[in-house]
There are 2 protein chains.
Amino acid sequence: MSPTSFDLFSKEYKAIIETEIIEYVKKLEAPAVVKEAMAYSLEAGGKRIRPLLVFAVLGAFGKNLRMGIPAAAAIEMIHTYSLIHDDLPAMDDDDLRRGKPTNHKVFGEAVAVLAGDALLTYSFQLISGMNDPEVTAQMKLDLVSEIAKSAGAEGMVGGQVADMEGEDKQLTLRELEYIHEHKTGKLLTASVLSGAILSGANGEQLQHLRNFGYHLGLAFQIRDDILDIEGSVELIGKPVGSDEGNHKSTYPSLLSLQGAKEKLEQHIGLAHASLAKTALETDLLNELTDLIATRNH
Amino acid sequence: MSPTSFDLFSKEYKAIIETEIIEYVKKLEAPAVVKEAMAYSLEAGGKRIRPLLVFAVLGAFGKNLRMGIPAAAAIEMIHTYSLIHDDLPAMDDDDLRRGKPTNHKVFGEAVAVLAGDALLTYSFQLISGMNDPEVTAQMKLDLVSEIAKSAGAEGMVGGQVADMEGEDKQLTLRELEYIHEHKTGKLLTASVLSGAILSGANGEQLQHLRNFGYHLGLAFQIRDDILDIEGSVELIGKPVGSDEGNHKSTYPSLLSLQGAKEKLEQHIGLAHASLAKTALETDLLNELTDLIATRNH
């Protein structure tokens, strides 16, 4: 199989963001240990789906993709801080993340808490400091607003709280959707909308892209639940079936494995349909969507 | 003694910010428990020095003080999140804060971590959402930039990390100043500068006010160190002499009690001198400064 333009895009921009995000941390005038802890988790790998979404949306609007670097880095920092805090002993108490010791295992809990705080805070500093002449003050403010709302109590943090409260409880599908829409979906949507804000999208395009992010987020999470049953430990980096062991409500536990797969297909279909309505050049976004539906880790 | 205009100002605006900050939390569409945890620590009292600084600077420029409410609330939220995270078992492991059980004692560690994260994130949402017609997009961006820089790895978080690394070590005065300038001074300075940004201060005024914040921050912290020796447990809410018990480097331990008092006087003098250079109406700011120098809790 020859590499598609999507393969080239994702490889190139994954490399770009992984370089740039560490450069941002290096620039900080701060105690070495907190910079090391921040860089450690930023370097721990991952699919970089959020940065790729920012770039792919800029591509759909025919914009210069590099304009999205600070926003993409900011969102990846927020995603990374959330993983550091989630892994803490008081939260999920995980020793490994992507096969590497978690941040608090290496740097201690106190530094891990503070490295997370620093990543979250730095994300807003990066956005306010964007100096591309095409990016207006209003665009930067719209980014701050969208990203803060998606990351905070009304978004990711709210989803995380609801997730904790729902442990060991039988959830309804509606409750499970709330959790996943917020815990995962909101920041994915913010990634999509950040690309759109920087592209000067109109209100209608923003709405279609918001719908796209919603369906993409739920698809992402349903795929995660399915992988927890079907995946292999080498590929997903945590014991398969760990949700089941925890008596955690999941899409397969509420809908059966087959029902979850159908739900996944539905959301993938609606994600593509939302993209189609934008009338933009959405090839990269369509491929990213399919990748999420079929990924095996 | 009849109430001065400062007493009236501080009483009125302390009440205003304490009401408004809870209103902001009530507005959040988020799980009840995270809103309760956020409000619990915001309601735990304190001197509200940071909000009062925002308002007093607006007053110095003859501006409408209420224009500063969102910025004042945002900074108080950041201060409050830092206290919640500092109190965690992995950090200072404090059970009491201002005589009340700490956040994690009431809500558990996981919710305390997340409530802190949510307060930090919400602060940037509040600033980006300011809708006073006098506040331009550029002013809001300058607020985000100044506050993020002051709160993050280059500011408060950096100071906290350096403080932890310095425990049980004999620090130099320079190292101790770094810690206090960053851990306490930066966010106090950001409060001062937030009022100035909203007032459309010029570059020279911003520089004098930045110097004012620097000296005020160090004065605040030296007073804290002195109170730790001379204060009474009822007034400061923690065991007197706790720094000494920890073998923590303090101004009195490095300079002697008398030397620390002289250093305090120096910084207070330089704070007043910086204010004088602004040629603004700085009565309230001068009184706030003296209050910090003489406070007994």
Side-chain angles (χ1 to χ4, degrees), chain A residues 25 28-31 33-35 37-38 78 81-82 85 88-92 104 108-129 136-138 140-149 151-162 164-165 182, chain B residues 25 28-31 33-35 37-38 78 81-82 85 88-92 104 108-129 136-138 140-149 151-162 164-165 182:
Chain A
V25 173
L28 283 169
E29 292 180 31
V33 65
V34 73
K35 293 171 66 171
M38 292 164 83
I78 291 177
Y81 115 76
S82 78
H85 282 190
L88 288 169
M91 311 269 277
D92 290 349
H104 65 272
E109 267 187 71
V111 170
V113 170
L114 290 164
D117 294 344
L119 285 168
L120 171 57
T121 313
Y122 198 25
S123 68
F124 296 106
Q125 190 176 333
L126 285 183
I127 290 167
S128 65
T136 65
Q138 190 57 51
K140 292 181 229 179
L141 270 182
D142 288 347
L143 289 177
V144 170
S145 171
E146 184 63 39
I147 293 172
K149 211 166 142 58
E154 295 187 328
M156 186 180 70
V157 170
Q160 176 67 20
V161 170
M164 282 171 11
E165 288 195 299
H182 289 78
Chain B
V25 173
L28 284 169
E29 292 179 31
V33 65
V34 73
K35 293 171 66 171
M38 292 164 82
I78 291 177
Y81 116 74
S82 77
H85 283 190
L88 288 169
M91 310 268 278
D92 290 350
H104 65 272
E109 268 186 71
V111 170
V113 171
L114 291 164
D117 294 343
L119 285 168
L120 172 57
T121 314
Y122 198 25
S123 67
F124 295 106
Q125 190 177 335
L126 284 183
I127 289 168
S128 65
T136 65
Q138 190 58 51
K140 291 182 231 179
L141 269 184
D142 289 347
L143 290 176
V144 170
S145 170
E146 184 63 41
I147 293 172
K149 210 166 143 57
E154 296 188 326
M156 186 178 71
V157 170
Q160 176 68 21
V161 170
M164 282 172 10
E165 288 196 299
H182 289 77

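Computation of the quantities below employed the complete heavy-atom set of this structure, encompassing side-chain atoms and omitting hydrogens, waters and symmetry-equivalent molecules. Numbered from 1 within each chain, the chains take letters A, B, ... in sequence-line order.
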Counting heavy-atom pairs under 4.5 Å to chain B, which of Met91(A), Glu109(A), Gln125(A) comes out on top?
Gln125(A)

Over all atoms of both residues, closest heavy-atom pair of Glu29(B) and Glu154(A)
N-OE2, 2.8 Å

Could you tell me the separation between the CD1 atom of Ile127(B) and the OG atom of Ser145(A), rounded to the nearest 0.5 Å?
12.0 Å

At their closest point, which heavy atom of Ala137(B) faces which heavy atom of Ala137(A), and how far apart are they?
CB-CB, 4.0 Å

Can you sort out the partners of Asp142(A) under side chain to side chain donor-acceptor pair (under 3.5 Å), two or more places apart, ordered by chain and number?
Gln138(A)

Using heavy-atom distances under 4.5 Å, tell me whether Phe124(B) contacts chain A through its side chain, its backbone, both, or neither.
both

Locate the shortest heavy-atom distance separating Leu120(A) from Asp117(B); write the atom from each residue and the value.
CD2-O, 3.9 Å

What residue, out of Glu146(A), Met164(A), Met38(A), His104(A), has the most heavy-atom pairs lying under 4.5 Å from chain B?
Met164(A)

Contact summary for Thr121(B) and Ala148(A), nearest pair of heavy atoms:
CG2-O, 3.3 Å

Structural part of Val33(A) lying under 4.5 Å from a heavy atom of chain B
side chain

Which of the residues Gly159(B), Ala151(B), Ala153(B) is involved in the greatest number of heavy-atom pairs with chain A at under 4.5 angstrom?
Ala153(B)

Just give me the residue among Thr136(B), Leu114(B), Val157(B), Val161(B) that pairs up with chain A most often, heavy atom to heavy atom, under 4.5 Å.
Leu114(B)

Assert top hit (heavy-atom pairs under 4.5 Å, partner chain A, pool Gly158(B), Ala118(B), Ala110(B), Gly116(B)) equals Ala110(B)

Sequence neighbours left out, what passes side chain to side chain donor-acceptor pair (under 3.5 Å) with Lys35(B)? Give chain and number order.
none

